[in-house]
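Letters go in sequence order (proteins before strands), and every chain restarts at 1.
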Amino acid sequence: MMVANYDEVMKLALERGFYFPSCEIYSDAPAGFWEYGPRGVHMKNKFIELWRRELVRRDGMLEIDGCQIMSKSVFVASGHIGNFTDPVVKCTKCGSSFRADRYITEKTGESALERMAEQEIKALIKKHNLRCPNCNGEFGEVSRFNMMFPIGIGPAAEEAYLRPETCQTIFVDFARLFKTMRGRLPLSIAQVGKSFRNEIAPRQSLLRLREFYQAEIEVFCNPDRLNEMPKFEEVKNTVLRLSDGSSIIDVTAEEAISKGLTPNKLITYYLALLVEFYDKTGIDVKRSRFRNLSVDEKAFYASVAFDFEVETSVGWLELVACNYRSDYDLKGHAITSKQNLEVLDSATQSKVLPHVFELSMGIDRSIYAILEHCYYEDREHEDRVVLRLKPYLAPILVGILPLMTKDGLDQKARQINSELKYDFDTFYDESGSIGRRYRRLEEIGTPFAITIDKATMQDDTVTIRHRDTMQQERINISGLPQYLHRALGRR
RNA sequence: GCGGUCAUGGUCUAGUUUGGUUAUGACAUGGGCUUCCCAAGCCUAUAACCCGGGUUCAAAUCCCGGUGACCGCACCA
């Protein structure tokens with residue numbers, strides 16, 4: 001088994017237009033911003049379409065598309081402002097900075113809290129005469145580091161923020177959606193979009209961005225009915241790879257519950273849907289795991305948390321955070337907005353403030369993981385580089401190649417292209433040797449190449465070449481649309 | 001954010017120590033010739049010294065500042 005590494009994927013991405021640094025012609029371009037090129041956009045869009053098919057449509061979720069700029073109150077309610085800014089203290093001599101609360105607690109045993117006022121923290125530092133552990137220099141003022149990007153709205157520059165996670169729009173829209181979309185619990189609401197976090201140290205291209213895509217699903221449920229899940233039958237035999245961080249065990253969804261490895265049918269059902277989805281992306285799910293987070297790793301709002309992680313050349317990579325957020329979010333928004341966000345659960349005829357189970361997917365990281373898992377160097381054939389992407393994720397589905405540019409082969413090929421290009425992502429190429437053109441196509445993951453030769457001119461047949469096996473078969477031109485639809489898994 | 005290493009065409013790289021002609025080579029890419037089937041060959045073209053300042057007759061090369069990348073630490077709602 002040949003395992004691709006980060007550098008090879010990076011090189012391919014740069015050379016072939018998958019992704020590249022933002023604003024790269026300017027020297028002041030900040031880190032943590034990357035753009036998708038033509039190949040990357042196709043792949044990302046198709047990934048999102050697969051997510052819609054396998055999760056949103058399969059489960060009957062509601063999809064929304066919310067705003068990226070949201071008012072300050074939203075983040076007061078969510079806890080992003082106030083409680084969850086980090087107090088930072090900087091050494092005046094060497095410039096090293098530290099998390100003030102952690103440093104104080106660690107050094108003195110006196111518990112300092114994140115949410116303490118700056119003066120209180122400063123007083124504690126003074127009281128214990130704490131100094132910089134690196135150079136013994138004196139500490140300066142205590143400041144707050146908030147990962148959110150502030151935005152000023154209108155001439156008065158009213159305080160607002162770029163959302164640090166897409167889910168907050170789902171929470172604030174929940175009441176209207178439940179009412180107008182005839183909602184019943186459990187109700188799943190999904191959203192794809194950009195989020196923004198002012199990371200201290202963005203790194204590794206798509207893996208740690210300041211502006212990034214998320215695909216989030218929030219399942220609103222009645223906490224008393226987490227085991228009433230008829231749909232669970234569909235996934236009871238799906239294998240989950242569960243891990244505590246060291247060992248991994250394979251169990252079916254059904255076994256996971258009976259052995260108490262997962263808490264209830266609702267959570268287990270969605271974990272299983274997620275594995276089935278990732279299996280279809282071409283990621284090797286044998287190199288994945290659900291890591292059950294320990295108490296101190298969990299986010300502030302989560303009572304149960306599983307990270308879906310995939311093994312890559314840069315280690316285990318977290319692709320999806322699965323958190324049981326309880327009623328943390330709706331309760332916060334209800335209090336801050338002074339709205340009643342309880343709904344009637346028709347099954348029990350009782351009012352309930354729903355709990356939330358969330359699947360928060362990182363799209364950019366998923367794209368990277370797919371590229372790495374699909375990257376293959378074929379040692380048998382001059383080390384040709386092949387991206388073994390699933391047809392429905394490939395930027396180009398089919399290359400259309402006249403064997404030569406004479407005897408009318410090129411006109412015939414253009415004609416076939418113009419017939420297919422409205423229904424499929426095609427790529428017409430007549431330049432260079434046929435082998436060269438095949439190699440270029442397979443490097444960006446194109447699963448098929450149609451070749452037009454002299455026989456085509458006589459009997460309207462073409463050869464269709466398969467990327468992975470390099471085998472060719474001859475089929476009639478009129479059969480091409482059906483052939484390609486089948487390859488995409490359509491009827 | 002801290003420390004270390006580094007920055008030359010689309011990609012990889014020579015040249016920097018010791019400043020001095022037209023910045024090396026490969027791959028990739030465009031055009032042409034050839035060729036009905038797997039990176040062939042021939043001709044040809046395009047294309048780079050991260051940004052700003054300084055030293056100097058002269059800077060890719062030396063100095064200062066900035067930005068970015070990689071590796072560790074810290075952080076990661």
Side-chain angles (χ1 to χ4, degrees), chain A residues 6-8 10-17 20-33 37 75 78-81 83-86 88-91 94-99 102-103 114 132-135 143 145-148 163-165 167-168 195 197-205 207-210 297-302 305 307 314 318 321 323 325 328-329 358 360 362 378 380-385 401-407 409-410 431-443 449-457 462-463 465 467 470-472 474:
Chain A
Y6 177 82
D7 291 335
E8 287 165 333
M10 192 68 224
K11 187 175 179 215
L12 181 69
L14 288 172
E15 279 187 327
R16 298 298 178 201
F20 45 86
S22 179
C23 306
E24 60 180 338
I25 64 170
Y26 287 101
S27 64
D28 64 349
F33 298 91
F75 302 110
S78 70
H80 289 88
I81 289 178
N83 298 359
F84 305 105
T85 52
D86 298 335
V88 175
V89 69
K90 199 166 180 171
C91 170
C94 72
S96 309
S97 49
F98 303 89
R99 270 288 294 270
R102 294 198 181 180
Y103 186 64
E114 274 180 12
C132 173
N134 291 351
C135 70
S143 57
F145 184 74
N146 189 324
M147 296 268 278
M148 287 194 296
R163 62 183 179 188
E165 51 186 11
C167 60
Q168 293 305 324
S195 292
R197 290 181 198 172
N198 199 359
E199 293 282 353
I200 297 170
R203 207 159 276 194
Q204 290 172 318
S205 61
L207 304 188
R208 201 96 150 268
L209 294 163
R210 286 181 164 138
E297 282 178 308
K298 279 188 284 204
F300 58 87
Y301 49 66
D307 277 355
V314 290
E318 180 195 336
N323 294 306
R325 301 175 70 124
Y328 178 88
D329 303 280
E358 154 185 273
S360 175
D378 185 353
E380 312 255 304
H381 298 95
E382 301 92 33
D383 294 349
R384 68 183 183 129
V385 171
L401 320 171
L403 202 50
M404 294 180 302
T405 51
K406 60 179 192 185
D407 299 337
L409 296 186
D410 46 342
S431 75
S433 73
I434 190 70
R436 154 116 249 115
R437 285 178 273 162
Y438 287 147
R439 296 293 154 88
R440 261 199 300 248
L441 286 168
E442 59 207 13
E443 205 177 1
I450 292 169
T451 309
I452 288 80
D453 56 22
K454 280 181 184 161
T456 310
M457 306 305 281
V462 293
T463 60
R465 173 187 183 270
R467 174 193 66 201
M470 300 170 71
Q471 300 292 308
Q472 287 178 294
R474 186 163 277 277

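Spacing of P atoms, B:A40 relative to B:A23, comes out at 29 Å, to the nearest Å. Comparing the P positions of B:A60 and B:G54 gives an interatomic distance of 15 Å, to the nearest angstrom. Spacing of P atoms, B:G25 relative to B:C36, comes out at 35 Å, to the nearest Å. Comparing the same atom, P, in B:U21 and in B:U61 gives a spacing of 14 Å after rounding to whole Å. Taking atom P on both B:A7 and B:C49, the two are 15 Å apart, rounded to the nearest angstrom. On the C1' atoms, B:U46 is 7 Å away from B:G30, given to the nearest whole Å. Using atom C1' as the reference point in both B:C42 and B:U35, the two lie 13 Å apart (nearest Å). The P atoms of B:C51 and B:U44 are separated by 32 Å, rounded to the nearest whole Å.
We find that CD of A:E318 is positioned 11 Å from C1' of B:A77, with the value rounded to whole Å. Protein atom CE of A:M10 is 8 Å distant from nucleotide atom P of B:C70, rounded to whole Å. As rounded to whole Å, 9 Å separates atom C1' of B:C37 from atom CZ of A:R465. For the pair A:F20 CZ and B:U11 P, the interatomic distance rounds to 11 Å; values are reported in whole Å. Taking atom CG of residue A:D378 and atom P of nucleotide B:A39, one finds them 12 Å apart after rounding to whole Å. Spacing between atom CE of A:M457 and atom C1' of B:C36 amounts to 12 Å, rounded to whole angstrom units. Taking atom CG of residue A:D7 and atom P of nucleotide B:C12, one finds them 9 Å apart after rounding to whole Å. Rounded to a whole Å, the CD atom of A:E24 is 10 Å from the C1' atom of B:G10.
Note on A:R440: only backbone sugar-phosphate atoms sit closer than 4.0 angstrom, heavy atoms only; bases stay farther off. Residue contacts shown for A:A302 are absent, as no nucleic acid heavy atom lies under 4.0 Å away. Among the atoms of the strands shown, only primed sugar atoms or phosphate atoms (P, OP1, OP2) are found under 4.0 Å from some heavy atom of A:Q204. If you check every strand for non-hydrogen atoms under 4.0 Å, A:A31 touches sugar and phosphate atoms only. Using a 4.0 Å heavy-atom criterion, one finds that A:P30 contacts the sugar-phosphate atoms exclusively.
Residue A:R210 comes nearest to A:A31 through the heavy atom pair NH1-O, 2.9 Å, listed as atom of the first residue, atom of the second, then distance. Of all the heavy atoms in A:Y328 and A:S78, the pair that sits closest is OH-O, 3.2 Å. Between A:L409 and A:M457, the shortest heavy-atom distance links the atoms CD2-CG, 3.5 Å. Of all heavy-atom pairs between A:G37 and A:F20, the closest is CA-CE2, 3.7 Å. Looking at every heavy atom in both residues, A:Q168 comes nearest to A:D329 through NE2-OD1, 3.9 Å.
The base of B:C36 is not paired with the side chain of A:T451 by any donor and acceptor separated by under 3.5 Å. The base of B:G68 lies outside donor-acceptor range of the side chain of A:R203, with no N or O pair under 3.5 Å.
With both pairing distances under 3.5 Å, B:A14 is matched to nothing as a Watson-Crick or G-U wobble pair. Within the shown strands, nothing qualifies as a pairing partner of B:A77 under the Watson-Crick or G-U definition with both distances less than 3.5 Å. Nucleotide B:C36: unpaired (no Watson-Crick or G-U wobble partner with both distances less than 3.5 Å). Base-pair partner of B:A69: B:U5 (Watson-Crick or G-U wobble, both distances under 3.5 Å). Base pairing of B:G30: its partner is B:U44, meeting the Watson-Crick or G-U wobble criterion (both donor-acceptor distances under 3.5 Å). Shown here, B:U22 forms no base pair; nothing in the strands shown gives a Watson-Crick or G-U wobble contact with both key distances under 3.5 Å.
Only one option out of A:R437, A:R436, A:R384, A:R467 pairs with A:E442 in a salt bridge (charged side-chain N to carboxylate O under 4.0 Å, His left out); it is A:R384. Exactly one residue among A:R16, A:K11, A:M10 makes a side chain to side chain contact (heavy atoms under 4.5 Å, CB included) with A:L14. That residue is A:M10.
For the pair A:S433 and B:A40, the criterion of a side-chain N or O lying under 4.0 Å from OP1 or OP2 is met. In terms of phosphate contacts, A:Y6 brings a side-chain nitrogen or oxygen within less than 4.0 Å of OP1 or OP2 of B:C70. Contact annotation: A:K11 does not reach the phosphate of B:A28 (side-chain N/O to OP1 or OP2, under 4.0 Å). Regarding contacts with the backbone of B:A28, a side-chain N or O of A:R436 is found under 4.0 angstrom from either OP1 or OP2.
Along RNA chain B, the nucleotide nearest A:D383 and the nucleotide nearest A:D28 are compared for position; the residue whose nucleotide lies closer to the 5' end is A:D383. Comparing A:V385 and A:A455 against RNA chain B, the residue whose closest nucleotide sits nearer the 5' end is A:A455.
The side chain of A:N146 has B:A77 as its nearest neighbour among B:A28, B:A77, B:C38. Checked against B:U35, B:C37, B:G1, the side chain of A:Y438 finds its nearest nucleotide in B:C37. Which of B:C71, B:G30, B:A77 sits closest to the side chain of A:S431 comes down to B:G30. Set against B:C37, B:C76, B:C36, the side chain of A:R197 has B:C76 as its closest nucleotide. Listed candidates were B:A39, B:A77, B:A74. Nearest to the side chain of A:M148 is B:A77.
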TODO: Could you walk me through whether A:R440 and A:S431 pass side chain to side chain contact (heavy atoms under 4.5 Å, CB included), step by step?
DONE: CA-CA 11 Å; A:R440 261 199 300 248; A:S431 75; 3.7 Å; yes

